[in-house]
Amino acid sequence: MACNLDGMKIASWNVNSIRARIAHVTEWVAREKPDVLLLQELKGSEFPALTFQELGYESAAVTQKTYNGVAVLSLHPIETVATALLGDEADTHARFLETRVQGLRVVNIYAPNGNPIGTDKFNYKLAWLDRLKVKLEHWLRDGTPTVIGGDFNIIPEDIDCHKPSSWIHDALFQPEPRERYRTFLSMGYTDAFRSSHPGETGQFTFWDYFRKAFETNRGIRIDHFLLSPSLAPRMTACHIDKAPRQLEKPSDHTPIVLELH
DNA sequence: ATGTCGCCTCATAGGCGA
């Protein structure tokens, strides 16, 4: 299936409130000029589409008051395919947005955090990941080049956190979500960052606001790009841009950037 | 348990979610 992805740059960033972070995001977009940007944790009913339109970006957003919220920005036309994850009609969280850009299936997710473990929140997380798996199976079968990006709220392996013992009681590090993430990989999806940086330690996308976590690089890698088998050979690079995390009043996450050919 | 953000409201302090 032909699609023009040459030089295409796709980024993902959990901004922890688009209203609080609008200056950081617009400055980063103007400088980095990604073809596509996936945003998570918008935390508001209104998405500032006009602000990004002025920078040349079309947008699609699924919003919710106070919580969650995901958006896709693109220099190219966006076709919105789905605004909710199938499998639970009662689930009203704004966590899923499936689009098509330049013949590529671009899926933006904000997976549930799931803390504390042993509660409905943790069960919701596992059920949500199981629903995502059903979609992942469908997308494999139709062969369309597919990228799933966003905040997975999963620390895949021990090297994806500064110190495993600090996270053993956290939902992001539990065997159940990690097992699901490994299943996604065994199905044929590629973890874009890890596959291009095998064994590299100290590479994180999130650092807590407290205890000087960023300054001491005590972080976790929870923002990911999964690539379908049809897309994986077209990855040229994947990196984490720590610059926005160093700004005044930053998001607790920083962007991850994927490049294709 | 704690730390620190950002949001909201039975609002200017406290609760929730992360």
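Chain letters run A, B, ... following the sequence lines, proteins first, then strands; residues in each count from 1.
- Side chains of Lys121(A) and Asn113(A): no donor on one and acceptor on the other come within 3.5 Å.
- In this entry the distance linking CG of Asp170(A) with C1' of dG3(B) reads 14 Å, nearest Å.
- Across the protein-nucleic acid pair, His253(A) atom NE2 and dG17(B) atom C1' stand 12 Å apart, rounded to whole Å.
- Here the side chain of Lys65(A) is nearest to one of dG6(B), dG3(B), dC8(B), namely dC8(B).
- Checking dG17(B), dC5(B), dC8(B) against the side-chain heavy atoms of Lys121(A) singles out dG17(B) as nearest.
- At whole-Å resolution of the value, CD in Gln64(A) and P in dC7(B) are 14 Å apart.
- Between the CD1 atom of Ile154(A) and the P atom of dA18(B) there is a distance of 15 Å, rounded to whole Å.
- Look at the C1' atom in both dC7(B) and dA11(B): the space between them is 12 Å, to the nearest Å.
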Open item on the list: Under the criterion side chain to side chain contact (heavy atoms under 4.5 Å, CB included), I'd like the reasoning laid out for Phe152(A) against Ile222(A): C-alpha separation, chi angles, the key distance, then a yes or no.
Closed with: CA-CA 6 Å; Phe152(A) 284 65; Ile222(A) 56 174; 5.9 Å; no
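- Around atom NZ of Lys9(A), more than 12 heavy atoms belonging to other residues, nucleotides or ligands sit under 6.0 Å away.
- Tyr110(A) comes within contact range of the sugar-phosphate backbone alone, with a heavy-atom separation under 4.0 Å but no base atom that close.
- Here Arg21(A) reaches the OP1 or OP2 of dG6(B): one of its side-chain N or O atoms lies under 4.0 Å away.
- Nucleotides dT12(B) and dC8(B) are separated by 13 Å at their C1' atoms, to the nearest Å.
- Contact check, Arg211(A) against dC5(B): no side-chain N or O comes under 4.0 Å of OP1 or OP2.
- A side-chain donor from one of Ser228(A) and Ser230(A) sits under 3.5 Å from a side-chain acceptor of the other.
- With both ends at atom P, the span from dT2(B) to dG15(B) equals 13 Å, rounded to whole Å.
- Under 4.0 angstrom from either OP1 or OP2 of dG6(B) there lies at least one side-chain N or O belonging to Lys249(A).
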> Would Thr63(A) and Glu46(A) satisfy side-chain hydrogen bond (donor to acceptor under 3.5 Å, both in side chains), going step by step from the backbone distance to the final call?
Replying inline: CA-CA 7 Å; Thr63(A) 62; Glu46(A) 301 291 317; over 6 Å; no
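- Between Phe210(A) atom CZ and dG3(B) atom C1' the separation is 5 Å, expressed in whole Å.
- One can place OH of Tyr67(A) at 5 Å from C1' of dC16(B), the figure rounded to the nearest angstrom.
- One P atom belongs to dG6(B), the other to dC10(B), and the distance between them is 23 Å to the nearest Å.
- When each of Ala20(A) and Asp252(A) is assigned the nucleotide of DNA chain B with its nearest heavy atom, Ala20(A) is the one assigned upstream, toward the 5' end.
- Here the separation of dG14(B) from dG3(B), taken at their P atoms, is 15 Å to the nearest Å.
- Residue-level contact check: Arg218(A) touches neither bases nor backbone, having no heavy atom under 4.0 Å from any strand.
- Taking atom CG of Asn68(A) as the reference point, atom C1' of dA18(B) lies 10 Å away to the nearest angstrom.
- Of the candidate nucleotides dT4(B), dG6(B), dC7(B), dC7(B) has the atom nearest to the side chain of Thr66(A).
- Whole-Å rounding puts the Asn16(A) CG to dC5(B) C1' distance at 7 Å.
- Side-chain contact check for Tyr181(A) and Asp191(A): at least one donor-acceptor pair (N or O, by modelled atom type) lies under 3.5 Å.
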